[in-house]
Amino acid sequence: MADLSTRVAGLALRNPFLLASGIWGETGESLRGAYEAGAGGVITKSIGRAPRTGYPNPTVEMYDRWGFLNAMGLPNPGIGEYPREIAIARAAGAPVIGSVFGHDAEEFAELAEAMEGAGVAALELNLSCPHAEGLGAEIGSEPEAVERITRAVVSRTRLPVIAKLTPNTHDIAALARAAERGGASAVSAINTVRGMAIDVHLRRPTLAHGMGGLSGPAIKPVGLACVFQIHRAVRIPVIGVGGIVTAEDALEYLLAGARAVQIGTAVALDGIGVFGTLVRDLGRRLDELGVAGLEELIGAAHRTEAASSGTGDAL
Amino acid sequence: MADLSTRVAGLALRNPFLLASGIWGETGESLRGAYEAGAGGVITKSIGRAPRTGYPNPTVEMYDRWGFLNAMGLPNPGIGEYPREIAIARAAGAPVIGSVFGHDAEEFAELAEAMEGAGVAALELNLSCPHAEGLGAEIGSEPEAVERITRAVVSRTRLPVIAKLTPNTHDIAALARAAERGGASAVSAINTVRGMAIDVHLRRPTLAHGMGGLSGPAIKPVGLACVFQIHRAVRIPVIGVGGIVTAEDALEYLLAGARAVQIGTAVALDGIGVFGTLVRDLGRRLDELGVAGLEELIGAAHRTEAASSGTGDAL
Amino acid sequence: MRRIVPVSDRTVETPSTVTLRFVDDRPAAPGQFVMLWVPGDDEIPMSLSYVGPRKGVTVKVMGATSRHIQGISPGTPLGIRGPYGNAFDLTPHRVLLVAGGSGAAVLAPAAEALGARGGEVEVALGATTASELLFEERFAAMGAAVHVATDDGSRGERGFVTRLVGGLLDRGRFDAVWTCGPEVMMQKVIAAAQGSGVPVVCSVERWMKCALGLCDACALGPFHVCVDGPVFPAERLSPIPEFGHTKHDAAGRRVPG
Amino acid sequence: MRRIVPVSDRTVETPSTVTLRFVDDRPAAPGQFVMLWVPGDDEIPMSLSYVGPRKGVTVKVMGATSRHIQGISPGTPLGIRGPYGNAFDLTPHRVLLVAGGSGAAVLAPAAEALGARGGEVEVALGATTASELLFEERFAAMGAAVHVATDDGSRGERGFVTRLVGGLLDRGRFDAVWTCGPEVMMQKVIAAAQGSGVPVVCSVERWMKCALGLCDACALGPFHVCVDGPVFPAERLSPIPEFGHTKHDAAGRRVPG
Ligand SMILES: Cc1cc2nc3c(=O)[nH]c(=O)nc-3n(C[C@H](O)[C@H](O)[C@H](O)COP(=O)(O)OP(=O)(O)OC[C@H]3O[C@@H](n4cnc5c(N)ncnc54)[C@H](O)[C@@H]3O)c2cc1C
Ligand SMILES: Cc1cc2nc3c(=O)[nH]c(=O)nc-3n(C[C@H](O)[C@H](O)[C@H](O)COP(=O)(O)OP(=O)(O)OC[C@H]3O[C@@H](n4cnc5c(N)ncnc54)[C@H](O)[C@@H]3O)c2cc1C
Ligand SMILES: Cc1cc2nc3c(=O)[nH]c(=O)nc-3n(C[C@H](O)[C@H](O)[C@H](O)COP(=O)(O)O)c2cc1C
Ligand SMILES: Cc1cc2nc3c(=O)[nH]c(=O)nc-3n(C[C@H](O)[C@H](O)[C@H](O)COP(=O)(O)O)c2cc1C
Ligand code: FES
Ligand code: FES
């Protein structure tokens with residue numbers, strides 16, 4: 001079978017499928033469970049300085065299989081208690097990427113240091129949660145802030161730093177360039193797309209917080225566009241996320257330029273077994289295509305485009 | 001039956017359902033057809049100074065009923081020839097809103113003058129097409145540009161001006177405020193969300209242009225969030241657009257604050273008969289709810305929210 | 001996925017427990033729960049105490065939301081989504097039910113479903129005091145023998161209901177024990193059944209947000225109660241250190257409970 | 001919606017016309033078309049000249065893309081979406097086919113389908129010159145009488161195929177006329193059938209982009225050829241001023257054509 005391993009941000013992964021942040025990532029047992037189900041690595045829930053309960057319920061709204069709206073509000077036990085969860089996942093051999101969120105560069109840097117202490121293999125900076133006041137995308141939509149925060153974190157840890165970017169911007173490439181200038185080893189794209197649902201009978205938003213973030217198949221085209229644009233704009237690698245459910249979806253992201261991908265909503269759609277299915281199906285698909293490994297595919301959609309650039313005779 | 005009429009941007013409409021720009025809007029016969037099928041009014045294809053063929057095919061990609069990706073590239077016959085199409089639609093009694101796009105304020109203003117000459121009832125400024133270089137969202141994502149262009153158009157015509165905004169921004173409320181400062185009578189939100197699809201077998205984007213715009217049910221949550229935010233930010237009315245297929249969808253937009261809505265992709269999903277269905281179903285729904293007219297519903301989701309604001313005991 | 005249903009009936013079951021009924025035609029099985037949205041307040045998990053098209057939830061006062069729910073009058077619209085989670089396996093023939101507090105809410109429809117298949121139940125029903133015994137008459141109406149214990153001895157045996165379990169297991173030939181109540185209680189039931197060869201099945205609770213197996217709020221060791229539970233065979237729960245000891249709170253901290 | 005299909009066979013039909021076959025199991029009816037994507041080049045509408053699971057398109061050279069398509073060798077992957085549009089109504093029993101140029105591409109599968117239902121066709125087949133007569137043998141293989149006209153007189157009647165129509169309608173008892181070719185040709189067919197009482201059905205072409213009834217590129221009066229057509233009864237086309245006179249180009253301008 002084809003070799004599915006990949007390298008990104010200094011991590012050697014057995015396959016490109018990472019558990020996305022905020023999914024199954026509150027407890028060590030769940031992180032371990034995702035890894036044992038086949039994930040190449042796991043990303044923790046975004047962790048902040050202090051414990052946070054998040055928004056009241058309802059925190060989610062599900063459409064047919066194509067879409068999912070959430071406003072969890074970054075619940076997390078706080079960095080003080082979280083290292084024990086990381087330890088459980090690490091004990092099972094899982095490469096753990098620690099996701100952190102904060103209000104400013106200093107807070108991000110402190111959290112990063114604590115995560116390093118807890119033994120994570122890399123950091124992901126949540127610069128992109130679409131529904132948290134003074135956090136996430138509210139700070140992550142300015143290139144200067146992305147650069148400043150990334151630089152602060154990079155200067156305070158030796159870990160590879162991944163900046164997770166928001167699609168709620170007119171120019172995600174500018175955000176990626178800012179992360180690159182700040183010293184990021186990679187960027188992930190995308191976090192959820194700002195969205196809302198309204199209950200017609202009750203005449204009110206269905207999420208307690210009002211605003212939420214859209215995930216699932218509906219945002220795959222948006223994530224692909226972002227990854228494609230970022231791949232053109234920077235030299236650091238991209239990790240694709242948004243709407244991946246099948247191996248075909250993952251291949252689209254690889255072709256757009258992603259060196260690894262994250263799986264979120266698909267866990268709700270198909271259960272944690274989705275990791276096993278993805279690994280099996282991607283392997284089969286590569287065999288069918290006669291492709292030995294991922295390297296040949298990563299970014300290939302750019303090469304094809306360049307090769308034919310409108311001349312009308314390439315095939 | 002309930003009264004479905006609404007007023008927005010100086011227009012008195014028999015119902016809130018407008019044909020969205022770029023759908024059935026190239027020819028006068030089609031604009032007329034949409035009006036005769038039941039639309040409250042029609043918006044023309046976005047018209048530029050000179051004829052433009054748009055991008056080569058493939059220009060569209062359709063998912064299951066939930067999503068639609070397009071990169072038409074603003075094909076249009078140019079403002080020189082287009083007035084005859086407007087005349088055909090006007091002869092049938094349709095309120096016609098003229099949509100225009102340009103590279104700068106002067107171009108927008110000239111087009112607006114020509115549209116006024118052609119007898120449209122209002123103007124919609126396309127500040128939001130997500131896939132045209134130097135046009136649409138590329139200029140419409142800066143509040144200053146939105147204000148400048150709106151002001152230039154307002155100063156050169158007596159027509160109500162509607163600024164159509166892009167969701168590809170971190171702060172659509174800022175764009176709406178800019179339009180309001182520039183003198184717009186209303187804003188429409190949203191245009192399509194930037195997106196892409198990649199063919200795994202051919203390893204290339206499926207749209208000839210690469211980047212496209214996502215429309216249809218997938219973007220309804222995004223459009224609702226935008227309309228909700230805009231309604232809070234400005235005093236001028238909002239016209240909602242994005243993913244409306246059913247009367248329930250339209251009601252969500254009205255509750256979020258829209259005074260009228262536009263129908264695009266639903267025409268591909270259900271045919272032009274969708275206008276008749278929407279009018280009938282919205283009327284029935286209002287009767288069921290015991291609501292006499294739209295006014296009571298417009299923006300009601302904001303009022304409910306304010307009434308309960310987290311105290312946990314409102315119902 | 002979410003439906004808005006008006007409350008059709010409100011019944012005060014005990015001083016601290018109220019049942020609300022509503023019409024909803026989604027199929028549901030005993031053991032499953034819904035996420036119940038009280039608009040403007042909160043959305044919380046509630047087992048279905050009635051699983052037919054006229055569904056019901058039986059709510060015990062815990063805090064602000066459950067108190068609010070109890071005061072809701074017929075006609076009020078509530079949001080529901082689900083039913084979620086798994087259900088009781090109805091293949092055993094004779095089942096001993098051990099219910100503590102609001103635990104009877106989920107065991108009553110299970111007992112009725114078993115009865116409809118020709119099975120039989122015997123019930124050990126516990127409460128703090130006589131007036132708090134939940135669904136005693138409903139169990140009796142099925143023809144079940146109901147054995148009662150109250151903490152204050154105001155009805156039946158004084159003390160915890162778990163004290164009844166050993167004796168009942170010795171006497172009756174049961175194919176299974178189904179239990180729902182505080183986890184310490186369920187642990188005692190498991191202990192009492194140990195050696196009897198009768199398998200124990202527990203319905204457990206954890207904090208719930210998504211109820212879709214995504215957010216991890218309801219993690220219990222390797223399981224997610226919203227999709228893997230809430231019904232678990234005891235042998236899956238017993239090895240989990242948290243069972244009977246800790247829960248995750250809304251922030252995901254491990255707290256006693 | 002889009003599938004990638006490798007070309008399985010390439011057949012040169014005439015000096016300017018090539019058929020490409022490919023396997024695709026979506027059901028299709030004669031008259032329908034696909035959007036054929038030549039990656040890196042263009043995506044253009046093509047009627048299905050074979051509608052079974054081994055489908056085919058028969059492409060006449062018009063410009064760059066059709067020339068490119070003609071050169072494609074078996075194994076090359078093409079994109080297709082569809083089939084789109086409506087189909088010929090197969091209820092008439094005896095049908096006169098009038099084909100000009102590549103028009104035979106869409107009429108041939110319609111004739112075969114009619115034959116399979118027990119119907120009969122007679123064919124008036126026109127081309128510029130003898131070697132360009134398309135599908136003459138395919139029609140003959142159905143047992144149909146094929147009447148030929150060429151502009152240069154190199155085969156059959158000299159001149160336009162429409163000259164044959166009046167005489168054929170006088171002789172045969174036809175239930176319908178099906179025609180596909182240049183619009184001026186089809187207008188002449190309609191004129192020739194006028195007064196005969198035999199209904200005429202035309203397959204027309206317009207610029208296509210979405211093929212989903214959305215973008216308006218294919219507008220023809222009140223119709224959209226991609227969803228309302230491409231097959232229209234003559235009485236729906238004749239009142240439209242554009243029919244036989246103007247088309248919309250890729251920019252939506254009204255141009256002669
Ligand atoms: C699967 C399941 C089925 C349940 N079935 C029933 C039932 O049939 N009858 C019944 O009375 N109760 C049931 N509960 C418990 C019920 O959900 C809580 O009692 C209720 O949420 C309390 O809310 P409150 O606002 O009144 O209390 P609060 O003051 O908000 O909290 C009190 C306690 O209630 C629990 N709680 C609060 N919110 C949640 C939440 N979102 N998810 C889980 N627990 C929460 C916590 O333990 C918390 O410490 C069930 C719980 C679960 C998980
Ligand atoms: C429903 C339908 C069925 C058709 N079936 C056949 C068929 O079976 N066999 C066949 O040979 N031809 C068929 N055509 C015509 C075919 O699509 C054009 O000949 C082809 O697009 C020419 O492309 P080109 O790039 O070679 O030419 P260009 O040089 O690009 O253009 C030459 C002419 O081709 C036409 N054309 C180009 N692009 C398009 C387009 N996207 N949509 C419509 N017309 C276009 C225009 O009239 C244009 O002026 C059909 C067209 C339609 C609308
Ligand atoms: C319930 C839920 C919680 C999430 N929490 C986080 C989070 O804490 N930090 C973060 O960076 N992203 C979070 N996300 C975003 C996901 O990691 C991911 O970027 C997004 O869901 C798109 O991927 P998907 O379509 O595969 O779900 C969350 C998403 C969901 C659905
Ligand atoms: C094929 C197509 C063409 C469009 N062309 C234009 C256009 O020319 N000008 C414009 O302002 N919006 C254009 N749009 C955007 C729509 O007007 C609308 O804002 C968007 O599709 C979202 O609405 P929907 O989900 O109902 O389609 C186009 C959309 C589609 C699908
Ligand atoms: S409640 Fe979210 S995983 Fe169970
Ligand atoms: S091709 Fe777009 S409407 Fe027909």
(request) May I ask you to test the B:R32-D:P222 pair for a side-chain heavy-atom distance under 4.5 Å? (result) no
One should read off an interatomic distance between D:D216 CG and B:L31 CG, to the nearest 0.5 angstrom, of 7.5 Å
- So do B:L202 and D:P77 actually touch side chain to side chain, heavy atoms under 4.5 Å? yes
Margin query: Contact between D:R81 and B:V60 at the side-chain level, heavy atoms closer than 4.5 Å - yes or no?
Written below: yes
Looking only at D:M208, D:H224, D:M35, most heavy-atom pairs under 4.5 Å shared with chain B are made by D:H224
CH2 (D:W207) and OG1 (B:T53) are apart, to the nearest 0.5 Å, by 8.0 Å
Cut-off 4.5 Å, heavy atoms of chain D, and the answer for B:F68 is side chain
If you tally heavy-atom pairs under 4.5 Å between each of B:P56, B:A197, B:S30, B:P75 and chain D, the highest tally belongs to B:S30
Whatever's closer than 4.5 Å to a heavy atom in chain D on B:E61 counts as both
Walk me through it: do B:E81 and D:R254 pass the test salt bridge (Lys or Arg N to Asp or Glu O under 4.0 Å)? CA-CA 9 Å; B:E81 303 211 357; D:R254 294 173 191 255; over 6 Å; no
Between D:R2 and B:P58 the two heavy atoms that sit nearest each other are NH2-CB, 3.2 Å
Highest number of heavy-atom pairs under 4.5 Å with chain D among B:L74, B:D199, B:T27, B:T59 belongs to B:T27
When the 4.5 angstrom heavy-atom criterion is applied to B:I88 and chain D, the contacting part is side chain
On a heavy-atom basis, the closest approach of B:R204 and D:G40 is NH2-CA, 3.4 Å
Notebook entry, point to check: Any donor-acceptor pair under 3.5 Å linking the side chain of B:W24 with the backbone of D:G213?
Noted result: yes
The interface call for B:N70 against chain D, heavy-atom contacts under 4.5 Å, is neither
Discussion item. Tell me if the CZ atom of B:R14 is crowded by more than 12 foreign heavy atoms within 6.0 Å.
Written reply: yes
In this structure, CG of B:N57 is separated from CG of D:D42 (nearest 0.5 Å) by 5.5 Å
The interface call for B:M72 against chain D, heavy-atom contacts under 4.5 Å, is side chain
Greatest number of non-hydrogen atom pairs under 4.5 angstrom with chain D, of B:G264, B:A268, B:P77, B:G271, falls to B:P77
Applying a strict 4.5 Å limit to non-hydrogen atoms, the region of B:R84 in contact with chain D is side chain
Under 4.5 Å to a heavy atom of chain B? For D:L212 that would be both
One should read off an interatomic distance between B:E26 CD and D:C215 SG, to the nearest 0.5 angstrom, of 7.0 Å
